[in-house]
Protein chains: 2
Amino acid sequence: MSLNGIEFKGLLKEKGFKLTTQRRAVLEIMQDHKGEHLTTEEIYELVKERCPEIGLATVYRTVQLLESLKLVRKLNLDDGCCRYELGLEDEDHHHHHLICEECGKVIEVAEDLLDPLETKIEDLFNFKITDHKLKFYGVCEDCLNH
Amino acid sequence: MSLNGIEFKGLLKEKGFKLTTQRRAVLEIMQDHKGEHLTTEEIYELVKERCPEIGLATVYRTVQLLESLKLVRKLNLDDGCCRYELGLEDEDHHHHHLICEECGKVIEVAEDLLDPLETKIEDLFNFKITDHKLKFYGVCEDCLNH
DNA sequence: CTGCCTGCAAACCGTTTGCATAACC
DNA sequence: GGTTATGCAAACGGTTTGCAGGCAG
């Protein structure tokens, strides 16, 4: 995804939103931290480095906006707070997460073999699936080896 | 699962816990509401009917205990609170949930075709999988038909 | 009798909201 | 200029915790 300022602005305009310094800064931070699972608080700390006057509430409002625009994906890693990662629109399928119950590490899994299951469920329940979230819990390699 | 008082007591004793009226009452409520996805607050309200002096904090502590004993499963249905359902130990595979983004309805899916994917991931990452959680988001039959 | 468990209330913490001001278009 | 967005601080809501008393083993 190469979402430059112009494209972002257009995307916002389409929905009647304005492009502000804060919104651009949050998106840029997310792009700079592709592959990480950032807390809203962490995003706030990072954004403050280049945009010191930003308020935490704005970050909360902005990540929600980015999520509604599908630029960002909300994760729940069972640690009591919302985390976000860049939602790559050119990703043909969503990746998933392995969560180690020993050390808390989160591993990304590119594989997505859920398609056959999805179509089966759509037929069975007449339910139009738009997204799915899959997490595996267990013990990672490092912890297995003590 | 036919977990009577005796078995439950043994399971608790094994880990050094005591069998109290409150713990039994919470477990019984969960068994009486098999298949539902109860909020801690909802469990609290239900338990109070047969155990009026119970405190909300005890319910919080108890559901966590039951979860650690694998008698109960924690769900995150993205509505800002923890929900719990009876974790059937004789269930060979976990079921999953379809969440309608229009009306919020939650549909259970007994199907579980994740086994091949699990073994693949275990081999690939040398990660011992103990559990998984899968949610599908979309629009349910009723909402599709307006 | 000893230590775990409970009920209560206060503390916690991530998140949301109201409002006056500032910024975008 | 009109309207949306921001920053601040207070409110919110679910959850956790400290502690004195209660109960199981």
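Labels below follow one simple rule: chain letters A, B, ... track the order of the sequence lines, proteins then strands, and each chain is numbered from 1. Because the structure is a prediction, the values reported are computed rather than measured.
Between B:Thr21 and B:Thr39, the one whose closest nucleotide on DNA chain D sits nearer the 5' end is B:Thr39. Two residues, B:Ala57 and B:Lys18, neighbour DNA chain D, and the one matched to the more 5' nucleotide by heavy-atom proximity is B:Ala57.
Rounded to whole Å, the distance from CZ on B:Phe17 to P on C:dC5 is 7 Å. A:Ile43 places its CD1 atom 14 Å from the C1' atom of C:dT15, with the value rounded to the nearest Å.
Between the side chains of A:His95 and A:Glu85, at least one donor N or O lies within less than 3.5 Å of an accepting N or O.
At the phosphate of C:dT15, OP1 or OP2 sits under 4.0 Å from a side-chain N or O atom of A:Tyr60. Residue A:Gln22 places at least one side-chain N or O closer than 4.0 Å to OP1 or OP2 of D:dG7. Of the side-chain N and O atoms in B:Thr20, none sit less than 4.0 angstrom from OP1 or OP2 of D:dC23. At D:dT16, one or more side-chain N or O atoms of B:Gln64 fall inside 4.0 Å of OP1 or OP2 (strictly under the cut-off). OP1 or OP2 of D:dG25 lies within a sub-4.0 Å distance of a side-chain N or O belonging to B:Lys9.
Across its full length, the helix from C:dC1-D:dG25 to C:dC25-D:dG1 shows an angle of 40° between the axes of its 5 terminal pairs at either end, rounded to 10 degrees.
Contact check on A:Arg83 versus A:Glu36 returns no salt bridge, with no Lys/Arg side-chain nitrogen under 4.0 Å from an Asp/Glu carboxylate oxygen.
Ring geometry for A:His96 versus A:His132: interplanar angle of 30 to 60°, hence tilted.
Nucleic acid contact class of B:Glu41 (heavy atoms, under 4.0 Å, all strands): none.
When each of C:dT6, D:dG7, C:dC25 is scored by its nearest atom to the side-chain atoms of A:Leu19, the top-ranked nucleotide is C:dC25. Closest to the side chain of A:Arg61, from the set D:dA24, D:dT17, D:dT6, is D:dT6.
Contact check of residues 74-84 of chain A against DNA chain C (heavy atom, cut-off under 4.0 Å) returns A:Gly80, A:Cys81, A:Cys82.
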